[in-house]
Amino acid sequence: MTKHFPVSLKQQQRQKDLDRSISSHPFQRSGSQTLPQTMDDEELVAAQELPQQQPHHPRVIIHIDMDYYYAQVEEVLDPSLKDKPVGIKQRFHVVTSNYVAREFGIKKMTLITEARKLCPELVLVDGEDISKYKQMSARINEIMHKFSGNVEKLGLDENYLDVTKEISEQLEQGVEGGLLERVEGYVYPPLEGGCSQREAFRRACGCGCDRRLILGSHMAKEIRDCIARELGLKCCAGVAHNKLLAKLVGSVNKQNKQTVLLPNCGSSFLASLGSVKALTGIGEKTAEILEEVGVKTVRDLQETSVEKLAKRLGLEQAGRLKEIAFGKDDAPVKATGKPKSVGLEDSCPAISIRADAEDKFRHLIVRLVKNIAEDGRIPIAIKVTIRKHDSVRRTSHRECKQDKIMPSFFRHKDGKLVLADGAQDKILAIVMKLFERMVDLQQPFNITLLGLSFFKFQERRMGTKSIANFLIKKSDIEVQSITNLSNESITLSDSFTSNKSSLSMSTAMDCDSASLASLSGSESDAEPSPKKCRRLATFLARKSGLLSANEDDSSSPSKLRVADLRLNSKEYDQEPCK
DNA sequence: CCGGGTACCT
DNA sequence: AGGTACC
């Protein structure tokens, strides 16, 4: 998949030279300098293959990060908190604190007892219920969507925006001259005098990103101002030509500030961060593995050969890490859609009898259905997660099992999803069945966490009967498999719009029909359903515009059903999936 | 080191 | 399908 990760030693050396010249005197390298000024950090490799290719930094990415999010929301809700030290409490920890509290040394994950010692007058707000923060997050999101259609959510308080299109539209329509001369907010690395900010950007890279990024800084400011005006919330922004750099550069200047990265400074900037753990995409485990091969800092990573890394990490990941270390990141901003799964987990001291588990699960089902009520979509699969007591391993060694659930378990009541009569027990029965597949009730057991999640959602459709309900009522195994297939296919055709090729689409469909066939044909199977699934897949593929209408086969016994489907599936076409 | 979510690997 | 890593 990845095109070119190898970075030769020679290239690395050039890289370092380039970096040094930038970090020591960013803007004194005109005239006598031989370094190609339009040459980008991460594009040295590509540029060698495609000499003089234009788009070095084609995108403008803004990363917005809310300041001390939970605590700030509490301040907005109760302004009297503003000048007091505030901590948000979840279980035994302060999960966020405002800056007043941070003065006392109270940071993320400080134990409550610890925090009280550090600051007796600390105002602790219960943050177990995160619905307030979710709601505010949704408002923030609305605002961002005024500026770009391409907004990717990372948790409740962070968002990426790809504003490339918006910026180029601005440039086409022509912007007020003064706007381009001055950056909004901070620049990394800090510019020393000698030339205008505009000139500094132009010298750093000639691909045209100078104007784009400067305009990007103005747009970031507008977004932040809008959020402050409408919601009273402060945030930071990072502006750069990719996600990795935008996110990281945004935290260079904290507390209601923003920073734009000077093009060409990616790898020196990343090196300045020190530990590899600072890099997005490198977490605890990866950092551990890297340390085993003597790689602790970003600089180490930049200087270590892919070959050496690949021995422990595999070529794929090694290549990716190398690129990341130099600030190369092609990852697109992916507009966040509706969630693909919604779940709940409760950790508990110990559950060792079936009835207790059953009680917990019943409770979880009720809460979970409330959580998806607004959404309105019907889940057709459920997953049960447990954690067995284990004194050795600290975190997550969870087990899970999943199964289908019937759409008829749900119905809509004034626009919201609710459980149908008796459905709670039916779901509970499925849950307990899955639970017993993981836990042997004969043996003593000790469960420390129970979780449930719904996934594979059907889009809510008008009319009283959805396709699935209609088909499932026939409760015929073959039809059921069709129902399933249609769900799968719809998911796939949705994702097709973003980045799937039609080839992988049809491959995925083949897989689906095969696996479904094996599922439904488990008992007596006189009639091999694969063919039918295939046919339906073809139909759905055509509907999604992947196949031409000529390849029709109307001689099927399931013609009627397909026709029904076609009728019902009109609603799918309303979806903006083209 | 809570907890809900996603993505990727096998 | 299940596990692991990450945010």
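Residue numbers start from 1 in every chain, and the chains themselves are labelled A, B, ... in the order their sequence lines are given, proteins ahead of strands.
- Residue A/Glu158 is classed as having no contact, given no heavy-atom separation below 4.0 Å to the nucleic acid.
- Between A/Leu313 atom CG and C/dT4 atom P the separation is 17 Å, expressed in whole Å.
- Using a 4.0 Å heavy-atom distance criterion, A/Glu128 is classed as making no nucleic acid contact.
- Heavy atoms from other residues, nucleotides or ligands lying under 6.0 Å from CZ of A/Phe445 number more than 12.
- Per the geometry, NZ belonging to A/Lys285 stands 14 Å off P belonging to C/dC7, to the nearest Å.
- The side chain of A/Lys401 places an N or O atom within less than 4.0 Å of a non-bridging phosphate oxygen (OP1 or OP2) of C/dG2.
- When rounded to the nearest whole Å, the span between OH of A/Tyr70 and C1' of B/dG3 equals 9 Å.
- A/Ser453 comes within 4.0 angstrom of nothing in the nucleic acid, heavy atoms only.
- With respect to the salt-bridge test (charged N to carboxylate O, under 4.0 angstrom), the residues A/Asp65 and A/Lys254 do not qualify.
- Taking atom CD of A/Glu284 as the reference point, atom P of B/dC2 lies 14 Å away to the nearest angstrom.
- Within the 4.0 angstrom heavy-atom criterion, no nucleotide atom of any strand lies near A/Gly314.
- A/Tyr160 has its OH atom 9 Å from the P atom of C/dC7, to the nearest Å.
- Distance from the side chain of A/Leu154 is smallest to C/dC7 among B/dC2, C/dC7, C/dG3.
- Counting any heavy atom pair closer than 4.0 Å across all strands shown, A/Gly343 reaches sugar-phosphate atoms only and no base atom.
- Between the OH atom of A/Tyr133 and the P atom of B/dC2 there is a distance of 18 Å, rounded to whole Å.
- Rounded to whole Å, atom C1' of B/dG4 lies 13 Å from atom CG of A/Leu364.
- Among residues two or more places apart in sequence or in another chain, the side-chain hydrogen bond (donor to acceptor under 3.5 Å, both in side chains) test is passed with A/Gln90 by none.
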Detail all sub-3.5 Å separations between protein N/O atoms and N/O atoms belonging to nucleotides 6-10 of chain B.
residue	atom	partner	partner atom	Å
B/dT6	OP1	A/Lys340	N	2.7
B/dT6	OP2	A/Ser341	N	3.3
B/dT6	OP2	A/Ser341	OG	2.9

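- Classification of the A/Phe435-A/Phe361 ring pair by plane angle, with boundaries at 30° and 60°, yields perpendicular.
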Does the pair A/Arg367 and A/Asp346 meet the rule for a salt bridge (Lys or Arg N to Asp or Glu O under 4.0 Å), with working shown? CA-CA 11 Å; A/Arg367 280 167 59 200; A/Asp346 261 7; 3.2 Å; yes
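- Rounded to whole Å, the distance from NZ on A/Lys404 to C1' on C/dA1 is 15 Å.
- A/Glu399 meets the salt bridge (charged side-chain N to carboxylate O under 4.0 Å, His left out) test with A/Lys388; sequence neighbours excluded.
- Residue A/Thr280 places no side-chain N or O under 4.0 Å from the OP1 or OP2 atom of C/dC6.
- A salt bridge between A/Asp403 and A/Lys433 is present, with a side-chain N of the basic residue lying under 4.0 Å from a carboxylate O of the acidic one.
- Residue contacts shown for A/Glu345 are limited to sugar-phosphate atoms, with no base heavy atom under 4.0 Å away.
- Nucleic acid contact for A/Leu344: sugar-phosphate only, since backbone atoms but no base atoms lie under 4.0 Å from a heavy atom of the residue.
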